[in-house]
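Structure record follows, encoded as structure tokens.
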There are 2 protein chains.
Amino acid sequence: MKATIIDVAAKASVSVATVSRVVNGNYPVKEETRQRVMRAIEELRYVPNIQARELNMQKSTTIGVVVPSLYNMFFAEVINGIEDYLSRDSYSLLLSCAKNNPKQEAKCINDFISRNVSGIIVISPNTENIETNFYEQLVQHQSIVFINSYAKLPNISYVSNDEDMGSRIALQYLLDYGHKKILFLRGINSDSYQIKEDTYIEVMKKKGLYNPAYIVNVGEGNGTETVDNSMYKLMDMMLNLDATAIFTCNDLMAVGAVNACKKMGLQIPRDMSIIGYDNISLSHFIEPKLTTMDQNMFALGTNAAELLIEKIQTGKNKKVVLDNILIERDTTGPCLR
Amino acid sequence: MKATIIDVAAKASVSVATVSRVVNGNYPVKEETRQRVMRAIEELRYVPNIQARELNMQKSTTIGVVVPSLYNMFFAEVINGIEDYLSRDSYSLLLSCAKNNPKQEAKCINDFISRNVSGIIVISPNTENIETNFYEQLVQHQSIVFINSYAKLPNISYVSNDEDMGSRIALQYLLDYGHKKILFLRGINSDSYQIKEDTYIEVMKKKGLYNPAYIVNVGEGNGTETVDNSMYKLMDMMLNLDATAIFTCNDLMAVGAVNACKKMGLQIPRDMSIIGYDNISLSHFIEPKLTTMDQNMFALGTNAAELLIEKIQTGKNKKVVLDNILIERDTTGPCLR
DNA sequence: CTGAAAGCGCTAACAG
DNA sequence: CTGTTAGCGCTTTCAG
């Protein structure tokens, strides 16, 4: 059985209150008694029970993080940032995976609440849960931070990338290279795809280059199958479309596009320019290395953690928008057709 | 303020005991009162406080997971497996990152204990903590499972891969294809590389094909730079060595090898066969898709979770060694020279 | 079938 | 400076 504060008190011949004071160092204790208590703690290998402490204090130092999937390295890198910031503030991180399923996402969150987390970070919240105003009820009693959510709800802090601006930069880069027929690859169930599509449509229309047939939906965008799905989808379509460039909503899709071109005998970037989004490590592992928009996942994570702790402590919401920068590598070049 | 069991009891005009019975369904309650309680729960949006429940029941349904780094996708995939198994059993997962630092690893674990986890999974435990018998003291009061630890301590459950056997299979596969000059690519600072090298040397010697010059050390084996390091290292060497095949200690190195061949104008697998190790998702994202030994990280995770829950419930330790199976894809073929 | 009451381990008045 | 004690929200005997 694990030692409790009572065991320590008995061993040191003091009251539990004194032990508590020694442990927390929040009230004066005579040095000599302190020593005695410390020794008892050592000998019994006493570790305070945080559950009991938090039950008593009506607060908690655990925060919950929900991700839609762990298969896209994007999420691992964001979690890395969150964990890094949190551990400095001695918060703990409860992790749950929603498996790209809105029901599951809601279940994860209810579970967090049961476990008395002091706040929750949701990475790429499922649009369905936003529409059904699941979150609107939630924010009454919970501190929430959304990472990369398009719909802005009241009483929630946000950290997101300026994906609108990022998409403009990516598109402009392609346009500057002379590309006119630019395919747009997106997935389902994420706001982030919608933001980019809106920007894509606006930019292309403004240039008089818009063609709805160029918008391709590859389905699930964050699974193991995303790369292959994107590849097959493109191979099906490209025969009928004479595009010279592809702008994809994430790097997984971009890799699929690269593979499709290889399979079809198209040289990159001579015959086809491809630009991805995220800059996950995968993007520079492949050959040719991917030109992509960097989302700086680590910063996304640390900022979210910072906002959440601020929200917990002050009740104030804040929105942070990070800039995405272009990482120019080997999959883009001038339009030669 | 969140509703408590007392609020529900008051609203439904019953005792807290009855509410508890309704919530847990473990004792008979008259249907009519049950209805009344359920209605009160709905109206108050009551969610049981698991901290309080667990404090009372002296048990917990949280488990802690320590990883040395979150940067490597290997770990993300293992965590995915753990999370998947745990969520079925309605356990929650507390995640901490030790940042490749033994002190930090110990701190993470003490923190878990404070938070009353019912067990801990350590992925690739730090050798230093094993030597200083930090863990030996720990196991008295804690259920521990190690993933991929080569040092075996008493009272700990293990799940690991049979990398010796896996290496034999990989090498034999290459030998069966007629390859005689097989390069071996390894990194630093991991037992796992040593196991594979020992096997490599033994197998090659037995065939009379051993050549120490064929052993290549690429340095850090799990960083972002591993792919490129491996590529440059190989490009430097291959000119002088007339190898026809390469066996690498992980997929990152294998991808580097593939890229090196591409850069040098060698066709894969016609001019060079390459076999990796791990089967991280990256291995089938690239083109040509990598032949590799599957470490099945997901299974590593689910098995660890299973063993941990078994250990928690029965106190029994177990060692599970998973077989690594060959995933034959597109980077290997017969020796044509 | 239901209620009263005793804790789980801890903190924080309050009283010495 | 230190001890006593009342809860935090919940489960579970033990009586009715």
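These numbers come from a predicted model, not from an experiment. Lettering follows sequence order; numbering is per chain, from 1.
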Would you mind writing out the side-chain donor-acceptor pairs for residues 20-29 of chain A within the sub-3.5 Å range, not counting sequence neighbours?
unit_1: A:S20; atom_1: OG; unit_2: A:N24; atom_2: ND2; d: 3.3
unit_1: A:N24; atom_1: OD1; unit_2: A:R53; atom_2: NH2; d: 3.4
unit_1: A:N24; atom_1: ND2; unit_2: A:S20; atom_2: O; d: 2.9

Between side-chain atoms of residues 60-67 of chain B and protein atoms elsewhere (two or more places apart, or another chain), which donor-acceptor pairs fall under 3.5 Å?
unit_1: B:S60; atom_1: OG; unit_2: B:T62; atom_2: N; d: 3.2
unit_1: B:S60; atom_1: OG; unit_2: B:N116; atom_2: O; d: 2.7
unit_1: B:S60; atom_1: OG; unit_2: B:S118; atom_2: N; d: 3.2
unit_1: B:T61; atom_1: OG1; unit_2: A:R115; atom_2: NH1; d: 3.3
unit_1: B:T61; atom_1: OG1; unit_2: A:R115; atom_2: NH2; d: 2.8
unit_1: B:T61; atom_1: OG1; unit_2: B:E54; atom_2: OE2; d: 2.6
unit_1: B:T62; atom_1: OG1; unit_2: A:R115; atom_2: NH1; d: 3.1

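When the P atom of C:dC10 is taken as reference, atom CG of B:L55 falls 9 Å away, rounded to whole Å. Atom CG in A:N116 sits about 12 Å away from atom C1' in D:dC10, given to the nearest Å. Here D:dT5 presents its P atom at 14 Å from CD1 of A:I6, a figure rounded to the nearest Å. C:dA4 atom P lies 14 Å from atom CD1 of B:I5, rounded to whole Å. As rounded to whole Å, 12 Å separates atom P of C:dA12 from atom CD of A:Q58.
In this structure, of D:dG3, C:dT2, D:dC8, it is C:dT2 that holds the atom nearest to the side chain of B:V29.
As judged by a 4.0 angstrom heavy-atom cut-off over every strand, A:V19 is placed among residues making no nucleic acid contact. Heavy atoms of B:V23 sit nowhere under 4.0 angstrom from any nucleic acid atom.
Sorted by residue number, the members of residues 30-54 of chain A with any non-hydrogen atom under 4.0 Å from DNA chain D read A:K30, A:T33.
Under the rule for a ring pair (Phe, Tyr, Trp, His ring centres under 6.0 Å), the partners of B:Y158 that lie at least two apart in sequence or sit in another chain are B:F146. Not counting sequence neighbours, the partners of A:K11 by the salt bridge (charged side-chain N to carboxylate O under 4.0 Å, His left out) test are A:E43. B:K318 pairs by the salt bridge (charged side-chain N to carboxylate O under 4.0 Å, His left out) definition with B:E310, not counting sequence neighbours.
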Measure all distances between protein nitrogen or oxygen atoms and nitrogen or oxygen atoms of nucleotides 12-16 of chain D, and list the pairs falling under 3.5 Å.
unit_1: D:dT12; atom_1: OP2; unit_2: B:N26; atom_2: ND2; d: 3.4

For this session: Might you work through the side chain to side chain contact (heavy atoms under 4.5 Å, CB included) test for B:S114 and A:N49, ending with a clear yes or no?
Result: CA-CA 5 Å; B:S114 273; A:N49 182 328; over 6 Å; no
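Applying the ring pair (Phe, Tyr, Trp, His ring centres under 6.0 Å) test to residues at least two apart or on different chains, none of the pairs has a partner in residues 74-108 of chain A. The salt bridge (Lys or Arg N to Asp or Glu O under 4.0 Å) analysis of residues 60-88 of chain B, with sequence neighbours excluded, yields the pairs A:K99-B:E83, A:K99-B:D84, B:D84-B:R88.
Closest of all the heavy-atom pairs between B:N148 and B:Q295 is ND2-OE1, 4.1 Å.
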